[in-house]
Amino acid sequence: MTLPRRQFAQSLAQSLAFSGLAAASSVASAANANAQTQRMPTLLPRALKPGDTVGLVSPANASWMSDDFDYAIDTLKALGFQVREGRHLRSRWGKFGGADAERAGDLNAMFADPAIAGIFAMTGGSGCNRIVDKLDYATIRRNPKYFGGFSDITCLLNAIQRQTGLVTFHAPVGESEWNGYSVENFQAVVMRGEAATLRNPEPSRGDNLVARGERTVTLRGGKARGVLVGGNLSVLSSLAGSDYFPDCRGAILFIEEINEYLYRVERMLSTLRLAGAFDQLAGVVIGQFTKCEPGDGYGNLTLEEILNDYFLPLNVPVYRGAMFGHVKLKLTVPVGAPAEVDADARTIRLLQPATLA
């Protein structure tokens, strides 16, 4: 049927307008996608030095005993620092170290204060997801400085790195056990600014014929280079799909976990796979999975089977057993720093210092 001239003109105008809107929408979507895939330029914090003033904050769980605060402050002083407490360091709201605005406010204030050289998290636990969208990333970008912790602090480490380009540190928290191995690794990476090679300590066999602890295992050999991203597996999986999840393209992913049934570990890895995090990885370093057990039920996959199932098909270098996470002996791993993983030697070699002299 032939349309009347006026009706045809109106239809043609509507079609052209719709096409224009669709084209504009496509251009805008492409621009947004391009913006989302661009990495921020890398920012390095200044190396911490004895005599520096550092801040101590509680962005996750509350600490329940005054002795915990005394221990953390004494530890930081023993490292050579002067310590300033966050305004709400000793606060509590439910299980958290203060209300959301208080915890985020303390972290923002420490970054904004030029007298503060670095910031230490008191402890992990939970709650960082509640404040990650309340951080002042523009201020953080203008004031790059050391920020470190582990466990739930994984959320803030990766969010800050993704949003600002600042290298952050998967490192002991204030109330961690700061033993000789942990202190030496921290000082090498953060205070001396070494392009260090991160490796497990020589296993101690004690009275045993063969050493059992601190062992590492190569899943797939080889070397690869990329930017380090990662931390606690459950925290990472909770960020999937958000603007605070790390950019995994060409990256070296490092993961660890504690107190999770193996079916939950498998589900977390599946979440990361479905989010595309494994698609372009350069390498994988698996830390300690402390007290991750089958639980009740029949037919559970073992941890080894789960890790092999997810990481061997990637055809990239992978090793497990690295000393980071919920263990006494801790490596300090800089999030956002370029590194080389050697899965045969079971090492992570920083390609440049992670702090400025």
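Each residue takes its place number in the sequence, starting with 1. Excluded from the calculations below are hydrogen atoms, water molecules and symmetry mates; all remaining heavy atoms, backbone and side chain alike, are included. As the structure is a computational prediction, the values presented were derived from the model and not from experiment.
- In this structure, the side chains of Phe278 and Arg273 come closer than 4.5 Å at one or more pairs of heavy atoms.
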Phe150 and His326: CA distance, side-chain angles, deciding distance, side chain to side chain contact (heavy atoms under 4.5 Å, CB included) verdict: CA-CA 8 Å; Phe150 75 105; His326 294 77; 3.8 Å; yes
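- Although no hydrogens or angles enter the test, the distance criterion places no donor-acceptor pair under 3.5 Å between the side chain of Thr332 and the main chain of Ala171.
- In this model, a donor atom of one side chain and an acceptor atom of the other lie less than 3.5 Å apart for Glu175 and Thr123.
- With sequence neighbours left out, the side chain to side chain donor-acceptor pair (under 3.5 Å) criterion links Asp113 to Arg84.
- Classification of the Phe81-Phe186 ring pair by plane angle, with boundaries at 30° and 60°, yields perpendicular.
- Within a 6.0 Å radius of OH in Tyr261, no more than 12 heavy atoms belonging to other residues, nucleotides or ligands are found.
- Panel note: side chain Thr347, backbone Arg349; no donor-acceptor pair is recorded below 3.5 Å.
- Counting heavy atoms from C-beta outward, Ile348 and Leu331 have side chains that stay 4.5 Å or more apart.
- Counted by atom type alone, Thr139 and Arg142 present one or more donor-acceptor pairs between their side chains at under 3.5 Å.
- Under the 3.5 Å distance criterion, the side-chain polar atoms of Arg141 are matched with a main-chain donor or acceptor of Gln163.
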Stepwise side chain to side chain contact (heavy atoms under 4.5 Å, CB included) check, Lys95 with Ser126: CA-CA 8 Å; Lys95 64 180 179 180; Ser126 62; 3.1 Å; yes
Derivation of the side chain to side chain contact (heavy atoms under 4.5 Å, CB included) call for Leu79 and Trp178: CA-CA 10 Å; Leu79 286 167; Trp178 287 78; 3.7 Å; yes
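- Partners of Asp100 according to the side chain to side chain donor-acceptor pair (under 3.5 Å) rule, which considers only residues two or more places apart in sequence or in another chain, are Arg103, Arg130.
- One N or O on the side chain of Asp152 and one on the backbone of Cys128 form a donor-acceptor pair closer than 3.5 Å.
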Trace of the side chain to side chain contact (heavy atoms under 4.5 Å, CB included) decision for Ile255 with Phe311: CA-CA 12 Å; Ile255 55 171; Phe311 293 121; 3.8 Å; yes
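- The closest donor-acceptor contact from the side chain of Glu256 to the backbone of Ile286 lies at 3.5 Å or more, if one exists at all.
- Checked against a 6.0 Å centroid threshold, the rings of Phe169 and Tyr146 count as neighbours.
- Remark: Lys77 NZ is loosely packed, at most 12 non-hydrogen atoms of other residues, nucleotides or ligands lying under 6.0 Å away.
- By the 6.0 Å contact criterion, NZ on Lys328 is open, its count of non-hydrogen atoms from other residues, nucleotides or ligands being 12 or less.
- Side-chain atoms of Thr216 and Asn200 form no donor-acceptor pair, as typed in the model, at a separation below 3.5 Å.
- Note: the hydrophobic cluster containing Phe69 does not contain Phe96 (ILVMFWY, side chain heavy atoms under 4.5 Å, direct or indirect links).
- Under 4.0 Å is where a charged nitrogen must lie from a carboxylate oxygen, and between Arg192 and Glu184 at least one such pair does.
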